[in-house]
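First comes the structure, then the notes that go with it.
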Amino acid sequence: MSSHPEQSAVTVLGLGPMGRALAGAFLDAGLTVTVWNRTPGRDAALVDRGAVGAGSAAEAVAASDLTVVCVVNYDAVDAILRTDAVAAALKGRTVVNLTADTPERARDLDRWAAEHGIGYLDGAIMTPTTTIGTPDGVFIHSGPSDLHQQYRPVLERLGGTHTHLGEEIGRAAAYDIALLDIFWTSMAGWAHALAVAKAEGIGARELAPFAVGIGAILPPLFEQTAAEVADGSYSGEGNPITSAASTMAHVVHASEAHGIDAGVMRAVEGWARRTIGLGHGTDGFLRVAELLGRR
Ligand code: NDP
C-alpha cells in the first residue's frame, strides 16, 4: 500500500452494480474503503470483505481524501453531494464522479465544487461491471491535470486503462455520450434484427454468428471513415449512399410487412435520402454526419 495517505483510502458513494464493483476492486487492491448508499443494506457483502459502512454520505466523504461517486445520473449525484453537511465535509477533498450524464451537467457540478472548495474530476466507465478490477476496464477522465496526476495511482487500482482526455471538465461526458450513441443504436439494431428474423422463422442463436460477422466489419470502418470525415472526402467508392439507401428501404419494407415498427430505419433512410437530395449521391453513407451536424 502507498505511503501517501491520499492514496491508501477511498470512499465510494453509490452501491448499484457498478459502485459495488468499484468498491470491491479497491478492496481487492488493499485500500481502506468506506462505502455509503442511499438505500441501506446494499453494503453488506462489502462490509463482510472489510469495507467500512458509513452511516451518512457526510460521514463517508469525511473518511477519505478521495471520494468516487457512481450513481444513476447527476440528479442523484446532486441529491447526495449538494447538501450543507456533505459540502462542508468535502471541503479541501476531491471527488471523482464516474456517473454517466451530459457534459453540461458535469460543468454545472464543477462550478458547484469550485464554489465549495472541493477538487473535482469528471469521468465515465466505458465497459461493464465484470471488467472492473481487470485489464479490460476502460475509464475516461477530464478535469485539472494536477488533480488527475495526484489521484491517478488510486484510480489505477481499479485496473484497466485510464485516459485523461483534457482539462475541460465536460470532455469525458462528451466522449461518453458519443460512445453510448454508438452502443445503444447498435443494440437497437440487434433488437430490431432479432424481431424481424423471428418473424421470418430465424432463431436468435441461428442469427448470432452472422451478427458477429457484421459486428467485425465495423472496427476497421470506424478507422477508415474517421479519416474520410477528417479530410472531408466521404468516399462512396464501393458503396455509394444511393445503394445504401436502397438496402435500408428493404429493411423498412420487410419489417412493416410483419407489422414491426421500422421507425429507426425509416429515420436513417430519411437522412440518406436528404443527403442524396443535396447532391451527395455518389458519396459514402458517412456524409450524413455532416448533414446532421449542420445548424
Ligand atoms: P444504476 O445506474 O441503476 O445506479 C444505481 C445507483 O444509483 C444506486 O446506488 C442507487 O441508490 C443510486 N441512486 C439512484 N437514484 C438516486 C437518488 N435519487 N439519490 C441517491 N442515489 C440514487 O446502476 P449502476 O451501478 O450499474 O450504474 C451506475 C453508473 O455507472 C451509471 O451512471 C451507469 O451509466 C454507469 N455505468 C454502468 C455500467 C454497468 O455495466 N452497470 C457500465 C458503464 C457505466 P439506491 O440503491 O438507493 O437506489
Side-chain angles (χ1 to χ4, degrees), residues 10-27 33-47 51-61 66-87 89-90 95-110 112-113 120-143 155 158-163 165 169-188 190-191:
V10 64
T11 289
V12 176
L13 300 179
L15 300 176
M18 188 51 90
R20 290 199 298 272
L22 298 172
F26 281 134
L27 279 174
V33 183
T34 302
V35 293
W36 178 86
N37 189 65
R38 175 185 63 169
T39 304
R42 302 244 154 93
D43 61 359
L46 291 162
V47 169
V52 179
S56 68
E59 189 186 313
V61 302
L66 177 67
T67 288
V68 172
V69 56
C70 190
V71 287
V72 65
N73 55 32
Y74 282 39
D75 283 344
V77 174
D78 285 351
I80 295 168
L81 299 187
R82 296 200 196 198
T83 69
D84 290 346
V86 174
L90 276 174
V95 172
V96 173
N97 184 10
L98 296 179
T99 304
D101 212 315
T102 64
E104 198 39 58
R105 293 300 295 263
R107 291 177 194 124
D108 180 58
L109 196 58
D110 182 55
W112 171 85
Y120 184 67
L121 289 163
D122 204 79
I125 305 166
M126 304 319 310
T127 49
T129 55
T130 47
T131 64
I132 308 305
T134 80
D136 297 331
V138 176
F139 300 83
I140 53 179
H141 305 277
S142 51
L155 297 169
L158 294 169
T161 58
H162 293 261
T163 307
L165 295 167
I169 199 74
R171 208 160 162 81
Y175 271 71
D176 186 36
I177 293 294
L179 297 170
L180 285 171
D181 196 346
I182 298 168
F183 180 73
W184 283 119
T185 49
S186 302
M187 290 297 279
W190 175 225

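Remember, it's 1-based here, ligands and their atoms both numbered in the order they're listed. Note that the coordinates shown come from a computational prediction; the quantities given were computed from them, not determined experimentally. Side chains included, hydrogens not; waters and symmetry mates left out as well; all remaining heavy atoms used.
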Asp43 bridged to Arg20 by N-O distance under 4.0 Å: no
Across all chains, not counting sequence neighbours, the ring pair (Phe, Tyr, Trp, His ring centres under 6.0 Å) partners of Trp112 are His116
By chain and number, the residues contacting ligand 1 below 4.0 angstrom (heavy atoms only) are Gly14, Leu15, Gly16, Pro17, Met18, Gly19, Asn37, Arg38, Thr39, Arg42, Cys70, Val71, Val72, Ala76, Ile80, Thr99, Ala100, Ile125, Thr127, Pro128, Thr129
Those residues at least two apart in sequence (or on a different chain) that pass salt bridge (charged side-chain N to carboxylate O under 4.0 Å, His left out) with Arg38 are none
Requested in this report: Please determine, by modelled atom types, if Tyr74 and Asn97 share a side-chain donor-acceptor pair under 3.5 angstrom.
Outcome: yes
Residue pairs passing the side chain to side chain donor-acceptor pair (under 3.5 Å) test with at least one member in residues 173-183, sequence neighbours excluded, are none
message: Taking atom CZ as the centre, does Arg171 end up with more than 12 heavy-atom neighbours from other residues, nucleotides or ligands that are less than 6.0 angstrom away?
response: no
